[in-house]
Amino acid sequence: MKKLSLTILLVLTVVFVAGCGNNSNTDNTDTSNNSSAGTNGGTAATAKNSLEAVKASGKLRIGTEGTYAPFTYHDASGKLTGFDVEIAEEVAKRLGADPEFSETQWDGLFAGLDAKRFDVIFNEVSINEERKAKYDFSEPYIVSKAVLIVSENNEDIKAFADLKGKKSGQSLTSNLSEIARENGAEIVAVDGFNQAVDLLTSGRIDATVNDGLSYLDLKKQKPDVKIKVVDEIPNGSESAAVFLKGNDDLVKAVSDAIIEMKSDGTYLKISEKYFGADVSK
């Protein structure tokens, strides 16, 4: 009996000590959590919005390719330049910030924006519904229209409807080939705009439906090339600066800067430098 009583007493003592230990741990945890919550609530700082952050840092971080002439590329000296680059530089200046460019391949531009490595993308990004669902766009700063290009001495083709039965040099992956096909053209596959021009000037095709900006760039670089534009699609594709959603103040500031540039002649000066024309409309 004494042994049994001693055993029972021992068990009760262990249970009591364990119970006290558990209560002590629970109390400590609760106290720690409450203290932490109080500290966080009392010291949380209000985050700057994106425009305030740009002004505070003095930098506008810009994502671009750097390999897409004449929009964003490196000149003979290795300097990053181009139409989009100069527009971005002027925008940054009007925001009171220095432009800080980060170059990456096309597929990495949106990933970089998502990761907040840049504040904005300037890289000839066209506005479409799929992109608008995830990103915000500034005021458009360039418009590209599909144009019908023929050799300089061609008098048979004057409009898209005249393509019926004619050979049109087109990149098969481009939606521009669909315009030629819809107008009855016989499609001749080409690798790109430059090959289409070569075939056109050599008389192996009759026409090409292509990007009006590419045409203007070529004529700027090679004014003597024997081709001309005879028709264009009135509704063009607009391109603009791209932002993560929720940066309304920065989007507005960039849009305002672009509008000002169009009004005071700065935009036209840059446009004529690269294209010899106003490409804002």
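Remember, predicted model here, so these are calculated numbers, not experimental data.
- Hydrophobic cluster membership differs between Leu95 and Val242, with clusters built from Ile, Leu, Val, Met, Phe, Trp and Tyr side chains linked at under 4.5 angstrom.
- The local environment of CD in Gln105 is sparse, with at most 12 non-hydrogen atoms from other residues, nucleotides or ligands closer than 6.0 Å.
- Between the side chain of Glu89 and the main chain of Pro99, no donor-acceptor pair closer than 3.5 Å is present.
- No donor-acceptor distance shorter than 3.5 angstrom exists from the side chain of Ser138 to the backbone of Ala240, with no hydrogens or angles considered.
- Two residues are said to be in side-chain contact when any heavy atoms from C-beta on lie closer than 4.5 Å; Phe137 and Asn128 fail this criterion.
- Applying the side chain to side chain donor-acceptor pair (under 3.5 Å) test between Lys252 and each of Asp248, Asp249, Asp256 identifies Asp256 as the sole match.
- Side-chain atoms of Phe83 and Leu213, non-hydrogen and from C-beta on, never get closer than 4.5 Å to each other.
- The structure places CG of Asn183 at 10.5 Å from CD of Glu178, a figure rounded to the nearest 0.5 Å.
- Asp114 and Lys134 are joined by a salt bridge, as a carboxylate oxygen and a charged side-chain nitrogen come within less than 4.0 angstrom of each other.
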Intermediate values then yes/no, side-chain contact (heavy atoms from CB on, under 4.5 Å), Ile87 and Met261:
CA-CA 9 Å; Ile87 293 293; Met261 289 164 61; 3.7 Å; yes
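- Note on Val91 and Leu244: separate hydrophobic clusters, where clusters join Ile, Leu, Val, Met, Phe, Trp and Tyr whose side-chain heavy atoms are under 4.5 Å apart, directly or indirectly.
- Taking the charged nitrogens against the carboxylate oxygens, Asp136 and Lys245 do have a contact shorter than 4.0 Å, which makes a salt bridge.
- A donor-acceptor pair under 3.5 Å is formed between the side chain of Asn154 and the backbone N or O of Asp156.
- Judged by distance alone, the side chains of Thr81 and Tyr274 do bring a donor and an acceptor atom under 3.5 Å apart.
- When atom types are taken as modelled, the side chain of Thr72 and the backbone of Tyr68 share no donor-acceptor pair closer than 3.5 angstrom.
- Within the 4.5 Å cutoff, the side chain of Gln170 has no heavy atoms near those of the Ile179 side chain.
- Side-chain atoms of Tyr141 and Asp84 include a donor-acceptor pair closer than 3.5 Å.
- Phe71 and Val143 fall into different hydrophobic clusters, where Ile, Leu, Val, Met, Phe, Trp and Tyr side chains are chained together by heavy-atom contacts under 4.5 Å.
- Side-chain atoms of Ser271 do not come within 3.5 Å of backbone N or O of Tyr267 as any donor-acceptor pair.
- Atoms CD1 and CD1, from Ile62 and Ile121 in turn, are 11.5 Å apart once rounded to the nearest 0.5 Å.
- A salt bridge links Glu90 with Arg94: the distance from a Lys NZ or Arg NE/NH1/NH2 to an Asp or Glu carboxylate oxygen falls below 4.0 Å.
- Checking each of Glu139, Glu238, Lys262 against Ser280 for a side chain to side chain contact (heavy atoms under 4.5 Å, CB included) leaves exactly one that passes, namely Lys262.
- Criterion: ILVMFWY side-chain heavy atoms under 4.5 Å apart, direct or through other members. Under it, Tyr135 and Leu250 are not part of a common hydrophobic cluster.
- When atom types are taken as modelled, the side chain of Thr208 and the backbone of Asn210 share no donor-acceptor pair closer than 3.5 angstrom.
- Using a 4.5 Å heavy-atom threshold, the side chains of Thr64 and Phe118 count as separate.
- In this structure, Leu148 CG and Ser168 OG are separated by 7.0 Å, a value rounded to the nearest 0.5 Å.
- Salt bridge Lys167/Asp206: absent, no basic N to carboxylate O contact under 4.0 Å.
- Salt-bridge check for Lys55 with Glu52: failed, with every basic side-chain N at 4.0 Å or more from each acidic carboxylate O.
- Residues Val120 and Val254 are not in side-chain contact: their nearest non-hydrogen atoms beyond the backbone lie 4.5 Å or more apart.
- Expressed to the nearest 0.5 Å, how far CG of Leu60 lies from OG of Ser50 amounts to 10.0 Å.
- A continuous path of ILVMFWY side-chain contacts below 4.5 Å connects Leu113 to Trp106, so both sit in one hydrophobic cluster.
- For Glu155 and Lys228, the salt-bridge test passes: some basic side-chain N is under 4.0 Å from an acidic carboxylate O.
- Side-chain N/O atoms of Arg131 and Ser126 include a donor and acceptor closer than 3.5 Å.
- The closest donor-acceptor contact from the side chain of Ser237 to the backbone of Ser144 lies at 3.5 Å or more, if one exists at all.
- Although no hydrogens or angles enter the test, the distance criterion places no donor-acceptor pair under 3.5 Å between the side chain of Ser239 and the main chain of Ile142.
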